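Counting starts at 1 for both ligands and their atoms, following the listed order. If you're wondering where the values come from, they're calculated on a predicted model, not measured in any experiment. Atoms considered below: every heavy atom in the structure, side chains included; atoms not considered: hydrogens, waters and symmetry mates.
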Amino acid sequence: MAKPSAAVSGKGPITHVIFDMDGLLLDTEKFYTEVQEIILARYNKTFDWSLKAKMMGKKAIEAARVFVEETGISDSLTAEDFLVEREAMLQKLFPTSELMPGASRLIKHLHEKAIPFCLATGSHRRHFELKTQSHRELFSLMHHVVSGDDPEIKQGKPSPDIFLAAAKRFEGGPIDPIKYLVFEDAPSGVHAAKNAGMSVVMVPDSRLDSSFHDAADQVLGSLLDFNPSDWGLPPFDNPAS
Ligand SMILES: O=P(O)(O)OC[C@H](O)CO
Ligand SMILES: [Mg+2]
């Protein structure tokens, strides 16, 4: 599944890394899917991956509008009421969030090699806190965290707002977006990174249609497959186990 690396196709070396969270570092997209399936079942409708692809990575209200409009239930359930309804269910699930394979290894590696990195999630700050409550030590290694409710983020992914804000908050970070490497799982996030002028490694769910891979510079089956040398980053000291 791996596409030839962008480093091979002539991109400059990377100095800073920006991570997405849901579906990339944390296995949390399944919670959204589960809750949305439950809500749609009430309307005798099923949730599928073409709708998932349009929602994932977006700010909550933007994803909610897509949900009620695309499923044709907006006359019965507003986007705002959908968010209220799913909130109670999500709040129970988020504290059980688990890391995606290779997430811990990559974060610790970048930290050890003194490569600056941060988090840019469309998720609300209070959800970030719930999702990461069992992974505090690892997420504390982020230089900073930008969440979807940050006042500087006027529009969610695929707008570049969140990645441009994330880049700006590295003190002394490069102005040139080509120095930043973004890790994303969602089509909207890949487009946001490209709209910011950055390079992007996509680690998509295998159920996502492969046509969504085309916009990424590199596509991996798992973070365990990432080769830092492809991007001019220091190599792992040990192979993935
Ligand atoms: O993938 P993230 O971390 O930008 O989060 C976005 C939403 O919360 C879930 O799709
Ligand atoms: Mg994501």
Side-chain angles (χ1 to χ4, degrees), residues 17-37 39 47 49-67 70 79 82-83 86-87 89-91 93-95 97-103 106-107 117-132 135 138-139 142 144-150 152-167 181-196 198 200-208 212-213 215-216 219-220 222-223:
V17 170
I18 304 176
F19 288 106
D20 173 58
M21 181 174 71
D22 291 298
L24 186 280
L25 295 178
L26 290 177
D27 189 10
T28 39
E29 280 297 343
K30 65 183 181 188
F31 299 145
Y32 293 96
T33 301
E34 184 181 328
V35 165
Q36 282 147 200
E37 280 172 346
I39 293 174
F47 188 68
W49 269 85
S50 65
L51 177 56
K52 178 80 181 166
K54 291 180 190 165
M55 294 178 69
M56 61 196 306
K58 292 189 174 163
K59 283 169 92 156
I61 189 64
E62 293 170 0
R65 287 191 192 113
V66 171
F67 181 80
E70 294 271 333
F82 161 73
L83 288 182
R86 83 173 188 176
E87 182 70 15
M89 290 189 264
L90 289 176
Q91 288 208 10
L93 295 168
F94 285 157
S97 300
E98 291 178 349
L99 292 166
M100 293 295 277
L106 179 55
I107 289 172
F117 57 92
C118 72
L119 191 76
T121 174
S123 191
H124 196 283
R125 186 78 191 200
R126 82 174 177 279
H127 287 172
F128 162 81
E129 299 294 346
L130 285 174
K131 291 165 182 172
T132 58
H135 313 286
L138 191 66
F139 279 82
M142 300 285 170
H144 54 278
V145 173
V146 186
S147 52
D149 56 313
D150 188 292
E152 203 175 333
I153 315 308
K154 303 295 179 219
Q155 286 183 293
K157 301 166 184 177
S159 155
D161 287 8
I162 196 162
F163 292 126
L164 294 174
L181 180 61
V182 173
F183 285 86
E184 261 290 350
D185 67 307
S188 65
V190 169
H191 286 292
K194 297 313 295 177
N195 288 337
M198 298 174 183
V200 57
V201 173
M202 185 182 201
V203 189
D205 188 291
S206 59
R207 290 164 290 184
L208 188 71
F212 290 110
H213 300 176
V219 181
L220 303 175
S222 156
L223 287 174

Heavy atom under 4.0 Å from ligand 1: found in E29's side chain, backbone, both, or neither? side chain

Does the distance from a Lys or Arg side-chain N to an Asp or Glu carboxylate O, for R207 and E29, drop under 4.0 Å? no

Going by side-chain hydrogen bond (donor to acceptor under 3.5 Å, both in side chains), name the residues that satisfy it together with K54, two or more places apart in sequence or in a different chain. E70

At a cut-off of 2.8 Å, protein N/O/S around the Mg ion (ligand 2) gives D20 OD2, D22 O, D185 OD1

Between K59 and A63 (side chain of the first, backbone of the second, donor and acceptor by atom type, cut-off under 3.5 Å), is there such a pair? no

Any carboxylate oxygen within less than 4.0 angstrom of a Lys/Arg side-chain nitrogen, looking at D20 and K157? yes

Check against ring-ring contact (aromatic ring centres under 6.0 Å, His included), F128 and F94: CA-CA 9 Å; F128 162 81; F94 285 157; over 10 Å; no

Contact check: M55 vs ligand 1, nitrogen or oxygen atoms, below 3.5 angstrom: no

Has the side chain of Q36 got a donor or acceptor atom that lies under 3.5 Å from a matching backbone atom of F47? no

Quick one: does any side-chain atom of T121 pair with a main-chain N or O of G148 as donor and acceptor, under 3.5 Å? no

Please determine if T121 has a nitrogen or oxygen closer than 3.5 Å to a nitrogen or oxygen of ligand 1. yes

Residues passing the side chain to side chain contact (heavy atoms under 4.5 Å, CB included) test with H144, sequence neighbours excluded, are C118, V146, A166, R169, F170

For atom 5 (O) of ligand 1, what is the nearest protein heavy atom, given as residue, atom name and distance? D22 OD2, 2.7 Å

For M56, take its heavy atoms, then give the atoms of ligand 1 lying under 4.0 Å from any of them. 10 (O)

Can you name the atoms of ligand 1, numbered from 1 with element, that are less than 4.0 Å from a heavy atom of S123? 5 (O), 6 (C), 8 (O)

Side-chain H-bond candidate by donor/acceptor type, K154 with S159, under 3.5 Å: no

Ligand 1 contact by K157, heavy-atom criterion under 4.0 angstrom: yes

By side-chain hydrogen bond (donor to acceptor under 3.5 Å, both in side chains), which residues pair with R65, not counting sequence neighbours? none

Indicate whether the side chain of H191 and that of E184 have a donor and an acceptor atom separated by less than 3.5 Å. no

For ligand 1, which is the ligand I care about here, please tell me if D20 has any N or O atom under 3.5 Å from one of the ligand's N or O atoms. yes

Out of curiosity, is G23 lining ligand 1, as in a heavy atom under 4.0 Å away? no

N/O separation below 3.5 Å, A120 to ligand 1: no

Note: ligand 1 atoms sitting under 4.0 Å from heavy atoms of M21 are 3 (O)

